[in-house]
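Any value given below was found using the heavy atoms of this structure, including those in side chains, with hydrogens, waters and symmetry copies removed.
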Amino acid sequence: MDLWIIASIAAAAFQTVRFMLQKHLAKVSLSAAGATFARFVYSAPIAGAILLTFVMSGQLQVPVLPSAFWVYGIVGGTAQITATVCTVMLFGRRNFAVGMAFIKTEVLLTVLVGLLVLGESVSGSGLIAILLGVAGVLILSGPIEANQVGWRRFLTPSAALGLAAGALFGVSAVCYRGASLQVDVAAPMARALITLAAVTAMQMVGMWVWLKLREPGEVGRVMSAWRSAGFIGLTSMAGTFCWFTAFTLQNAAYVKTVGQIELVFGILGTVLIFKETISRREYFGMSLLAVSILGLILLA
C-alpha cells in the first residue's frame, strides 16, 4: 500500500481521536477561538522541537524556503482557522444539517481549488470514485433537513456557513500541498515536518495576537486547561503531520477522499464505546465510501 494512503488513513484516525478528546475540552468553557488556539499552542512547540532535534543531530538540513512556501502556508493556515470557526458557528444553529451536507462536499471543492491553484486535475475514474465517496458521506451524515421547504433550504445561513467551511477546508488542503512541494528536500516526511513546524507556528502566533486583542484572558484559560488541551494538541500535531505527508505525495482531492474514512472510525467508535447499533442507511453509506476509497487505492 502506498505511503500516501497509509498517511491519509492515519490522519483520519488521529482526527477522530482528537474530536473525541474535544468533548472533554468543552467542560473548560473555552470560546470557539480559544478551543481552536489550543490545537496550535500545544502542537507547534512540539513540532518545532522535533524539527530542531533532527537539524541539530545532522539528520536533516532545512533549505531556504521560497516566498511561495510562505504564501501557501499563510493562506492555507488562515483558511483552516476560518473554516473551523465557520464549522463551530454552524453547530450553534438549529438547522445545521443542510450546512453539514455542504461541508461534506469539501472533496469536490478541493478538486476545483486544486485545478485553479495548482493546475492539478483528476482522472475520469478518479472523479467517479470521489463522487461515490461524497454520496457515501452524505448518506452517513443523515437526511437533509431545514426549517425552510423546497429550494429555500439551500439559501439558509446554515447552508452558507457549510459551503464556506467546505470551500475553505479545500483551500487549506491545496495550499498545504502547494507549500510542501516548495520544500527542496527529497524525503516526503521531512518536507511534511518542515511544513508542519512552519505552518503551526504561524497559526499559533496569529491566533495568540487575535485572542490578545479580541478576547483578553482567553489565552490564560487555554493554558490553564493544559491537561485536556495538551492531548488535543498532540493528536492534532500527529494528524496534521500525516495530512502533510499525504499532501506531499498525492493530489489533495484523492487524499481528502481517503480521509473520509474518519466517519467510519467515528461510527465504529460509537458502537464500541456506547454500544449503539448501526442502521441500514449507515451500512449503505459505509459501503459506498469503502468502494470509493478502494477505487482510489487501485486507480491512483
Quiz item: Between Val219 and Phe37, does a side chain to side chain contact (heavy atoms under 4.5 Å, CB included) hold up when you go through it step by step?
Solution: CA-CA 8 Å; Val219 172; Phe37 176 62; 4.2 Å; yes
Taking every heavy atom of Leu196 against every heavy atom of Thr200, the minimum-distance pair comes out as O-OG1, 2.6 Å
In short, Ala11 meets Gly239 closest at the heavy-atom pair CB-O, 3.6 Å
Is there a path from Leu52 to Ile46 through hydrophobic residues (I, L, V, M, F, W, Y) whose side chains come within less than 4.5 Å of each other? no
- For Met223 and Val41, run side chain to side chain contact (heavy atoms under 4.5 Å, CB included): C-alpha distance rounded to whole Å, both residues' side-chain angles, the deciding distance at 0.1 Å, then the answer. CA-CA 9 Å; Met223 303 307 293; Val41 73; 4.0 Å; yes
Sequence neighbours excluded, the answer for ring pair (Phe, Tyr, Trp, His ring centres under 6.0 Å) partners of Tyr176 is Phe244
In short, Ser172 meets Gly76 closest at the heavy-atom pair CB-O, 3.3 Å
Within the side chain of Asn251, is there an N or O that forms a donor-acceptor pair under 3.5 Å with the backbone of Ala253? yes
In this structure, CZ of Arg191 is separated from CG of Leu181 (nearest 0.5 Å) by 6.5 Å
Taken in chain and number order and not counting sequence neighbours, the residues that satisfy side chain to side chain donor-acceptor pair (under 3.5 Å) with Arg177 are Glu120
Under a side-chain separation threshold of 4.5 Å, the hydrophobic residues clustered together with Val71 are Tyr72, Val75, Val113, Val117, Leu118, Val171, Val174
Here the gap from Met204 atom CE to Tyr42 atom OH, rounded to the nearest 0.5 Å, amounts to 12.0 Å
Taking every heavy atom of Trp243 against every heavy atom of Gly259, the minimum-distance pair comes out as CH2-CA, 3.7 Å
* Asked: With hydrophobic residues grouped by side-chain heavy-atom distances under 4.5 Å, do Ile128 and Tyr254 end up in a single group?
  -> no
Applied to residues 178-188, the side-chain hydrogen bond (donor to acceptor under 3.5 Å, both in side chains) test, sequence neighbours excluded, yields Ser180-Thr248
Between the OG1 atom in Thr82 and the CG atom in Leu168, the distance rounded to the nearest 0.5 Å is 6.0 Å
Taken to the nearest 0.5 Å, the spacing of Leu193 CG from Phe54 CZ works out to 6.5 Å
Give every donor-acceptor pair under 3.5 Å between a side-chain atom in residues 58-69 and any protein atom, sequence neighbours left out.
| residue | atom | partner | partner atom | Å |
| --- | --- | --- | --- | --- |
| Gln59 | NE2 | Ser57 | OG | 3.1 |

Test item: Thr240 side-chain N/O and Met237 main-chain N/O as donor-acceptor pair under 3.5 Å: no
Nearest heavy-atom contact between Gly73 and Val199 is CA-CG2, 4.1 Å
- request: Please report the C-alpha distance between Ile74 and Met202 in whole Å, then the side-chain angles of each, then the deciding distance to 0.1 Å, and finally whether the side chain to side chain contact (heavy atoms under 4.5 Å, CB included) criterion is met.
  value: CA-CA 7 Å; Ile74 292 173; Met202 289 190 291; 3.6 Å; yes
dist Leu127:CG -> Leu131:CG (nearest 0.5 Å) comes out at 4.5 Å
Sorted by chain and residue number, the side chain to side chain donor-acceptor pair (under 3.5 Å) partners of Ser43 (sequence neighbours excluded) come out as none
Do Ile81 and Trp210 come within less than 4.5 Å of each other through their side chains, counting heavy atoms only? no
_Test of understanding: clusters of I, L, V, M, F, W, Y form through side-chain heavy atoms closer than 4.5 Å, transitively. Do Val209 and Leu211 belong to the same one?_
yes
Original post:
Is there a path from Val183 to Leu3 through hydrophobic residues (I, L, V, M, F, W, Y) whose side chains come within less than 4.5 Å of each other?
Top reply: yes
TODO: Run the numbers on Thr110 and Phe169 for side chain to side chain contact (heavy atoms under 4.5 Å, CB included), then give the verdict.
DONE: CA-CA 8 Å; Thr110 301; Phe169 277 131; over 6 Å; no
Test of understanding: clusters of I, L, V, M, F, W, Y form through side-chain heavy atoms closer than 4.5 Å, transitively. Do Phe241 and Val55 belong to the same one? yes
Taking every heavy atom of Phe247 against every heavy atom of Lys256, the minimum-distance pair comes out as CZ-CE, 4.1 Å
